[in-house]
Participant: 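Dropping a structure here in structure tokens format, bear with me for questions.
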There are 2 protein chains.
Amino acid sequence: MTETTRRDRPRADTEREIRQQARRLLVEQGREAVTLRAIARELGITAPALYRYYDSREDLLRRVIDDICVDLGAELTADIGQIDEHDAVGGVLAVCRGFRRWALAHPQEFTLVFASPDDSAHCVVDDSTGKMLRPAKDQFGRIFLNMAGKLLAAHELLLPDEEHVPEELRGDLIAFRGTLLAQIKQEGIELPEQALNLSVVYLMLQFWVRLYGQVALEVFGRFPFAVTNPEPLFESMLTQLLDDIGLADAA
Amino acid sequence: MTETTRRDRPRADTEREIRQQARRLLVEQGREAVTLRAIARELGITAPALYRYYDSREDLLRRVIDDICVDLGAELTADIGQIDEHDAVGGVLAVCRGFRRWALAHPQEFTLVFASPDDSAHCVVDDSTGKMLRPAKDQFGRIFLNMAGKLLAAHELLLPDEEHVPEELRGDLIAFRGTLLAQIKQEGIELPEQALNLSVVYLMLQFWVRLYGQVALEVFGRFPFAVTNPEPLFESMLTQLLDDIGLADAA
DNA sequence: AGCCACCTGTAAACACTGTTAACTCGGTCC
DNA sequence: GGACCGAGTTAACAGTGTTTACAGGTGGCT
């Protein structure tokens, strides 16, 4: 008797359920299957009703991307939770492995968030400041970078010569270091100022390039030959990555 | 008077024109704009007529992918032609830079060929042998690998310990080395057998991971911060890449 | 010549798609 | 009671991939 129709429940619940169904269709049948009518059918309503909640299919997909990033962040946070708090290397490894595991388990979502050319879909303009934001992706990046911050606080890295950092990049790197320091400090991690020199920031960039390249190639099956068991390939890249930054001890 | 209707021209011409228009739509308006009706409109025919040439839209897109790979190959070959024949390092650099230039100039095509999760779209089963082929992509890969072959023939590389190659990967690497040797020999490049040990093959894999990662991140704008001028970032990766394989001399 | 098969195209239709407009129903507030 | 508003409906439009049945020209065969 207390059956609650959709009208009774708070609006946010329906919004969430819409995105959930959209994601289910995305995961199970690919991007093209994310159809307003299919979503509405799952909710027991009609397609035009969705326009009460989202401006368009594109708008809906944008919100779905945000949800995906939040979930990815939660998954990685859970992974980190299983690692000893003071094991900075283990934390970084957990994030890297977790990112790969998630990407392989959710190739469609990975493609949508990390391999779609439509740039505007991932940026939102903050009305008050006018600055471009990528709200949810930053939430994922933050986890990655927090782990890096912990690592920096705990270990002395093998730094390349700061002269090797290309001149034209210093401006960007300095700006990025600023956001990094703010973020790390906000997380309560003590970090000596000079531990985050430009070489370190530059190294993190290289780190991300290789992690992303490896994962994307695996998801898209674009290695130059058939890899029967990609896991040791990934693990070997991880150890080499740690090796390159002067941490040869970790397994 | 000699106006040739579509009926007169050889079938292959129409097939090619269809794919050309499909690509034009892809480049100019994105994947979703590649519509059978839009293609037919450009050719002055109706949509169902396209089914005389392709089984479905998916089938057409598959052939378009092949065309794209052929064109990419031609572009890179032209790049190589501008380099001194005996400058192996220059050749590798030309291929890497050409790949980046092409990807940035044709993001939609890059996404379709190198960042699409639909794996079956890129494989064709050879009827006689039953082996899986990726016909056109191999044409691109061949250029990349030929340059690597030349490099190997001309320089002594800095090899990592062969023990570092993960055990589970040796089978794949050995198989890949086989196709590599066949390919290089077919091109008439003399290569001492032991120059292509597993470490070298493994190194080429790492090379590809970093090149792909860098280019894809740039195309998709997924660097962790805004890069105002990505070119020096790419160039610095290239020099570091050459540095890592023991070729610090090249500019 | 006649005929028949084939090839290439068409028009019509079907079941979809995103999106808009007009309308209805239920609840809330004055 | 009446005005308003939010959430949903139906109907419609233009556009999509795809199938079916049909038309007209071409070439080869008897």
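Each chain gets a letter, A, B and so on, in the order its sequence line appears, and its residues count up from 1.
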Participant: May I ask you to decide if the ring planes of Y212(B) and F114(B) are parallel, tilted or perpendicular, using 30° and 60° as cut-offs?
Facilitator: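 Plane angle between 30° and 60°, so tilted.
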Participant: Return no unless some side-chain N or O of R41(A) is found under 4.0 Å from OP1 or OP2 of dC16(C).
Facilitator: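 False: R41(A) side-chain N/O out of range (4.0 Å or more) of dC16(C) OP1/OP2.
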Participant: Grab the CG-C1' distance between L60(B) and dT16(D) for me, whole Å please.
Facilitator: 15 Å
Participant: If you assign each of S56(B) and R52(B) to its closest nucleotide in DNA chain D, which residue comes earlier from the 5' end?
Facilitator: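 Here S56(B) is the residue nearer the 5' end.
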Participant: Below the 4.0 Å mark, does dA7(D) have OP1 or OP2 next to a side-chain nitrogen or oxygen of R11(A)?
Facilitator: yes
Participant: It should be established whether Y53(A) places a side-chain nitrogen or oxygen under 4.0 Å from OP1 or OP2 of nucleotide dG6(D).
Facilitator: no
Participant: Applying a 4.0 Å non-hydrogen cut-off, can you work out what T46(A) is touching in the nucleic acid: base, sugar-phosphate, or nothing?
Facilitator: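 Touches a base.
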Participant: Is it true that Y54(A) and R19(A) share a donor-acceptor pair across their side chains at a distance under 3.5 Å?
Facilitator: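 There is such a pair between these side chains.
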Participant: Return whichever of T35(A) or P48(B) has its heavy-atom-nearest nucleotide of DNA chain C closer to the 5' end.
Facilitator: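 Here P48(B) is the residue nearer the 5' end.
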Participant: Tell me the interatomic distance from L50(A), atom CG, to dG8(D), atom P, rounded to whole angstroms.
Facilitator: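 Rounding to the nearest Å, CG of L50(A) and P of dG8(D) are 9 Å apart.
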Participant: Between dG18(C) and R37(A), counting only base atoms on the nucleotide and side-chain atoms on the residue, is there a donor-acceptor pair under 3.5 Å?
Facilitator: yes
Participant: Expressed as a whole number of angstroms, how long is the span from I45(A):CD1 to dT24(C):C1'?
Facilitator: 16 Å
Participant: Measure the distance from CD on E17(B) to C1' on dG9(C) and round it to the nearest whole Å.
Facilitator: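 E17(B) atom CD is separated from dG9(C) atom C1' by 15 Å.
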Participant: Are D67(B) and R16(B) within salt-bridge range, i.e. N to O under 4.0 Å?
Facilitator: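 No, no charged N to carboxylate O under 4.0 Å.
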Participant: Please check if atom CD in E28(B) has more than 12 non-hydrogen atoms from other residues, nucleotides or ligands closer than 6.0 Å.
Facilitator: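 Yes, because the 6.0 Å sphere around CD of E28(B) holds more than 12 heavy atoms from other groups.
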Participant: Using whole Å, report how far CZ of R57(A) lies from C1' of dT16(D).
Facilitator: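 In whole Å, dT16(D) C1' lies 13 Å from R57(A) CZ.
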Participant: From CD1 of I39(A) over to C1' of dT19(C), roughly how many Å is that when rounded to an integer?
Facilitator: 14 Å
Participant: Provide, to the nearest angstrom, the distance between the CG atom belonging to L36(B) and the P atom belonging to dT19(D).
Facilitator: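 Atom-to-atom, L36(B) to dT19(D), this comes out as 11 Å.
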Participant: Measure CD/E58(B) against P/dT18(D) and give the value in whole Å, please.
Facilitator: 8 Å
Participant: Side-chain contact, heavy-atom cut-off 4.5 Å: F99(A) with F110(A)?
Facilitator: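 Counting from C-beta outward, F99(A) and F110(A) do come under 4.5 Å.
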